[in-house]
Amino acid sequence: MVERNPLESLIKHLSSITPYPEIKELIQEIKKTFIIIVGEEDALVGTTNIRNLLKEFGKLDDLFIVQGAGHLVIEEANHYVADKIRKFI
């Protein structure tokens with residue numbers, strides 16, 4: 001992704017998604033059970049912030065980190081993701 005996009009475009013994109021404090025409020029309001037599946041090497045979402053956020057709300061068991069996958073985890077580990085979703089529902 002980085003190699004195919006100009007640096008300016010990447011900076012604008014990352015700047016637009018980085019400040020998202022509302023996510024804390026959204027997680028507190030979720031009344032349904034959920035899972036989060038994220039690639040270990042996801043440079044856009046990252047695992048540290050998600051892990052800390054879910055730990056804060058006692059939902060760390062709802063996080064699945066896919067080793068070797070990036071932002072397109074559904075394409076990079078489709079069988080793993082499908083299995084987790086199948087077990088979840």
Side-chain angles (χ1 to χ4, degrees):
M1 179 178 138
V2 173
E3 294 173 357
R4 295 187 306 244
N5 293 289
L7 181 59
E8 286 181 29
S9 296
L10 286 171
I11 291 171
K12 286 179 183 178
H13 175 71
L14 293 174
S15 297
S16 70
I17 63 172
T18 304
Y20 204 81
E22 299 88 11
I23 194 76
K24 281 188 172 185
E25 294 170 18
L26 292 174
I27 288 180
Q28 287 177 315
E29 293 177 14
I30 295 174
K31 304 295 185 223
K32 304 280 183 189
T33 305
F34 65 90
I35 60 173
I36 294 177
I37 303 170
V38 63
E40 175 187 40
E41 298 172 19
D42 188 332
L44 294 177
V45 177
T47 57
T48 304
N49 290 336
I50 290 177
R51 188 187 311 267
N52 291 340
L53 190 61
L54 293 176
K55 187 188 299 184
E56 183 177 334
F57 293 106
K59 296 183 178 287
L60 203 51
D61 292 339
D62 304 322
L63 174 63
F64 298 94
I65 299 174
V66 183
Q67 306 296 317
H71 187 67
L72 300 175
V73 68
I74 190 91
E75 293 181 14
E76 298 174 59
N78 57 349
H79 294 291
Y80 177 86
V81 172
D83 183 57
K84 290 297 178 192
I85 292 172
R86 209 176 292 112
K87 288 177 181 174
F88 173 72
I89 57 173

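Each residue takes its place number in the sequence, starting with 1.
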Reported CD-to-CD distance for the pair Glu41 and Gln67, which is rounded to 0.5 angstrom: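 Between atom CD of Glu41 and atom CD of Gln67 there are 8.5 Å.
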Distance (rounded to the nearest 0.5 Å) between Phe64 CZ and Ile36 CD1: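 Nearest 0.5 Å value for the CZ-CD1 distance: 10.5 Å.
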Heavy-atom closest pair, residues Val38 and Thr47: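 Smallest interatomic distance, heavy atoms only, reads CG1-CG2, 4.0 Å.
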Shortest non-hydrogen separation from Arg51 to Leu63 and the atoms involved: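 Here Arg51 and Leu63 meet closest at CA-CD2, 3.9 Å.
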Test log, rule side-chain contact (heavy atoms from CB on, under 4.5 Å), inputs Asp42 and Val73: CA-CA 8 Å; Asp42 188 332; Val73 68; over 6 Å; no
Give every donor-acceptor pair under 3.5 Å between a side-chain atom in residues 76-89 and any protein atom, sequence neighbours left out.
| from | atom 1 | to | atom 2 | distance (Å) |
| --- | --- | --- | --- | --- |
| Glu76 | OE1 | Gly70 | N | 2.9 |
| Glu76 | OE2 | Gly70 | N | 3.2 |
| Glu76 | OE2 | Leu72 | N | 3.3 |
| Asp83 | OD2 | Lys87 | NZ | 3.2 |

Backbone N/O of Gly68 and side chain of Glu40: donor-acceptor pair under 3.5 Å: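 Indeed, once roles are kept as given, a pair shorter than 3.5 Å links the two residues.
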